[in-house]
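The structure appears below as structure tokens.
Residue numbers begin at 1 in each chain, while the letters A, B, ... track the order of the sequences. What you see is a predicted model, and the numbers here were worked out from it, not measured in a lab.
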Protein chains: 2
Amino acid sequence: MCEKFNCCTEKRLRECFGHAGGRLTGPRRAMVDFFHMEKGHFTAEEVFEKLSEKYPGIGVATVYRTLSAMADFGILKRFDFGKGKVKYELSDGHEGVRHHHHLVCSACGKILEYDDFMDEEKAFFNKIKKTLSTRYNFLIKGHSLHFYGFCQKCQKEYEKAK
Amino acid sequence: MCEKFNCCTEKRLRECFGHAGGRLTGPRRAMVDFFHMEKGHFTAEEVFEKLSEKYPGIGVATVYRTLSAMADFGILKRFDFGKGKVKYELSDGHEGVRHHHHLVCSACGKILEYDDFMDEEKAFFNKIKKTLSTRYNFLIKGHSLHFYGFCQKCQKEYEKAK
DNA sequence: ATACTATTGATAATGAATATCAATAAGAGG
DNA sequence: CCTCTTATTGATATTCATTATCAATAGTAT
Ligand SMILES: [Zn+2]
Ligand SMILES: [Zn+2]
Ligand SMILES: [Zn+2]
Ligand SMILES: [Zn+2]
């Protein structure tokens, strides 16, 4: 199962789940597999529904719990685009996942990814981080950036409404 | 009341509230005043509590409705740092409010503001926006950027836990 | 002042996320 | 492989922020 993904070894997964003796259960393996196979951004509800097909009987609570654990540990990245539902995606560093940001449609909620300008961004943000850390006595662990607006499909409606 | 703030004239406020004949009511004036006087970031609940002192009897529903209207129109800026509660603050362009971003403490939720590097940021983001708009057919209306990590007070506890 | 109707506020309802807890199953040890 | 211990599961109840409902109220035009 998870051994297929050398980005998430069994050892790493055991660390992830429970700081003292986390068990590698069926539901947890299924969740890990899900995010390694299906690329994209999912709400807890979506994970529950899609996963139920392959893993019937899984409970909603387990999905929420496992998502939290994986996000806290760093395997998943948590997003909150302000639509009431939190979304998760495989974090940077996994096979085939590069650091990227999102274009979020305010109308239909569609999410586009981009990874252009990442070198320039890195240079800029590193400089910022260094200064802010010392100036505000703040230990920076990460950043969140996204652009919001309207996707191609929703632009016409927006122009009409305005 | 609101006429005190030439950044939000009565005309502008009437536009804000209801696209056809928005009435300038007591609660609405009170909300506008609140955000012009108290600088900072507030949840709906906080606005309700603090405002209740000066405007007894105001209802929660009205607070939520008015916050949404003001944010949709652009007087307020809406934040969602993923703590379950949405926060609002007076948007850029109001007297004494400059474009800025936030350092959010993952432990205690404290929010620090910074407006350093805004010229460089503007240059960088403008370039990005132009490219992304055409490349992804996306109409960009704004961006959201924040750094998360640990404030001075919470850094020790974090190091201990890790 | 009168009438018309947008708005209010008390309250019910929604819905995402979390807590509860008996039943289950992972893993250790024999 | 079997047994025991206990972390984890999943059905369910619960929380809590936000939204919907609707009769009463209050802006505003005449
Ligand atoms: Zn769209
Ligand atoms: Zn993504
Ligand atoms: Zn803190
Ligand atoms: Zn701010």
Side-chain angles (χ1 to χ4, degrees), chain A residues 1-3 10-11 13-32 34 41-49 51-52 54-73 76 78-88 109, chain B residues 1-3 10-11 13-32 34 41-49 51-52 54-73 76 78-88 109:
Chain A
M1 293 247 161
C2 339
E3 299 90 73
E10 182 158 334
K11 193 196 321 174
L13 292 179
R14 279 188 199 282
E15 264 185 78
C16 170
F17 297 114
H19 267 225
R23 294 181 181 176
L24 215 31
T25 69
R28 284 173 178 171
R29 285 175 191 273
M31 293 274 294
V32 172
F34 175 84
H41 322 83
F42 302 96
T43 65
E45 194 188 1
E46 287 165 348
V47 173
F48 172 70
E49 287 178 358
L51 198 54
S52 291
K54 298 193 175 180
Y55 199 96
I58 192 169
V60 203
T62 303
V63 171
Y64 276 100
R65 275 185 303 239
T66 311
L67 286 173
S68 281
M70 291 169 74
D72 290 346
F73 187 71
L76 297 183
R78 204 186 322 246
F79 289 106
D80 203 326
F81 294 129
K83 280 292 176 185
K85 298 183 185 182
V86 175
K87 289 204 163 195
Y88 297 86
Chain B
M1 294 247 164
C2 342
E3 300 89 73
E10 182 158 333
K11 193 196 322 174
L13 292 179
R14 281 189 198 281
E15 264 184 79
C16 170
F17 297 113
H19 267 226
R23 294 181 179 176
L24 215 30
T25 70
R28 285 172 179 174
R29 286 173 191 273
M31 293 271 295
V32 172
F34 175 84
H41 322 84
F42 302 96
T43 64
E45 193 187 2
E46 288 165 348
V47 173
F48 172 71
E49 287 177 359
L51 198 55
S52 291
K54 298 191 174 181
Y55 199 95
I58 192 170
V60 202
T62 303
V63 170
Y64 277 98
R65 275 186 302 239
T66 310
L67 285 173
S68 280
M70 290 169 75
D72 290 345
F73 187 70
L76 297 183
R78 204 187 320 247
F79 289 107
D80 202 326
F81 294 129
K83 280 292 178 187
K85 297 182 186 183
V86 175
K87 290 204 163 197
Y88 295 87

Take the protein atom [atom1] of [X] and the nucleotide atom [atom2] of [N], then report the distance between them rounded to whole Å.
X	N	atom1	atom2	answer
B:Lys85	C:dA17	NZ	C1'	14 Å
A:Phe79	C:dA17	CZ	C1'	20 Å
A:Ile58	D:dT8	CD1	P	15 Å
B:Phe17	D:dT28	CZ	P	12 Å
B:Arg65	C:dA6	CZ	C1'	11 Å
A:Tyr88	C:dA17	OH	C1'	9 Å
A:Lys83	D:dT19	NZ	C1'	14 Å
B:Glu46	D:dA17	CD	P	11 Å

Looking at every strand, decide which applies to A:Arg28 at a 4.0 Å heavy-atom threshold: base, sugar-phosphate, or nothing. sugar-phosphate
Which part of the nucleic acid does A:Val60 contact within heavy-atom distance under 4.0 Å: base, sugar-phosphate only, or nothing? nothing
Going by the rule salt bridge (Lys or Arg N to Asp or Glu O under 4.0 Å), which residues pair with B:Glu45 if we only count those two or more places apart in sequence or in a different chain? B:Lys85
Are any of the side-chain nitrogens in B:Arg14 or B:Glu10 under 4.0 Å away from the carboxylate oxygens of its partner? yes
Presence of salt bridge, A:Asp80 and B:Lys83, under 4.0 angstrom: no
B:Arg65 side chain to B:Thr62 side chain, donor-acceptor N/O pair below 3.5 angstrom: yes
Inter-end axis angle, the helix from C:dA1-D:dT30 to C:dG30-D:dC1, with every axis fitted to five base pairs (rounded, 10 degrees): 40°
Taking for each residue the nucleotide of DNA chain D with the nearest heavy atom, is it B:Tyr55 or A:Val63 whose nucleotide lies nearer the 5' end? A:Val63
When A:Thr62 and B:Gly84 are each assigned the nearest nucleotide of DNA chain D, the 5'-most assignment goes to A:Thr62
Between [atom1] on residue [X] and [atom2] on residue [Y], distance to nearest 0.5 Å:
X	Y	atom1	atom2	answer
B:Lys87	B:Leu67	NZ	CG	13.0 Å
B:Ile58	B:Glu49	CD1	CD	13.0 Å
A:Arg28	A:Leu24	CZ	CG	8.0 Å

A:Phe34/A:Phe42 aromatic ring centres below 6.0 Å: yes
Can you figure out which of D:dT21, D:dA17, D:dT9 approaches the side chain of A:Pro27 most closely? D:dT9
To the side chain of B:Ala61, which of C:dA10, C:dT8, C:dA17 is closest? C:dA10
Scan B:Thr43, B:Val47, B:Leu76 and name whichever one has a side-chain contact (heavy atoms from CB on, under 4.5 Å) with B:Tyr88. B:Leu76
Please report the closest heavy-atom contact between B:Ala69 and B:Cys16, naming both atoms and the distance. O-SG, 3.9 Å
D:dT19 phosphate, OP1 or OP2, under 4.0 Å from B:Tyr64 side-chain N/O: no
Please write out the pairs of protein N or O atoms and N or O atoms of nucleotides 26-30 of chain C separated by less than 3.5 Å, giving the distance to one decimal.
{"residue": "C:dA26", "atom": "N3", "partner": "A:Arg23", "partner atom": "NH1", "Å": "2.9"}
{"residue": "C:dG27", "atom": "OP1", "partner": "A:Arg14", "partner atom": "NH1", "Å": "2.6"}
{"residue": "C:dG27", "atom": "OP1", "partner": "A:Arg14", "partner atom": "NH2", "Å": "3.3"}
{"residue": "C:dG27", "atom": "OP1", "partner": "A:Leu24", "partner atom": "N", "Å": "2.8"}

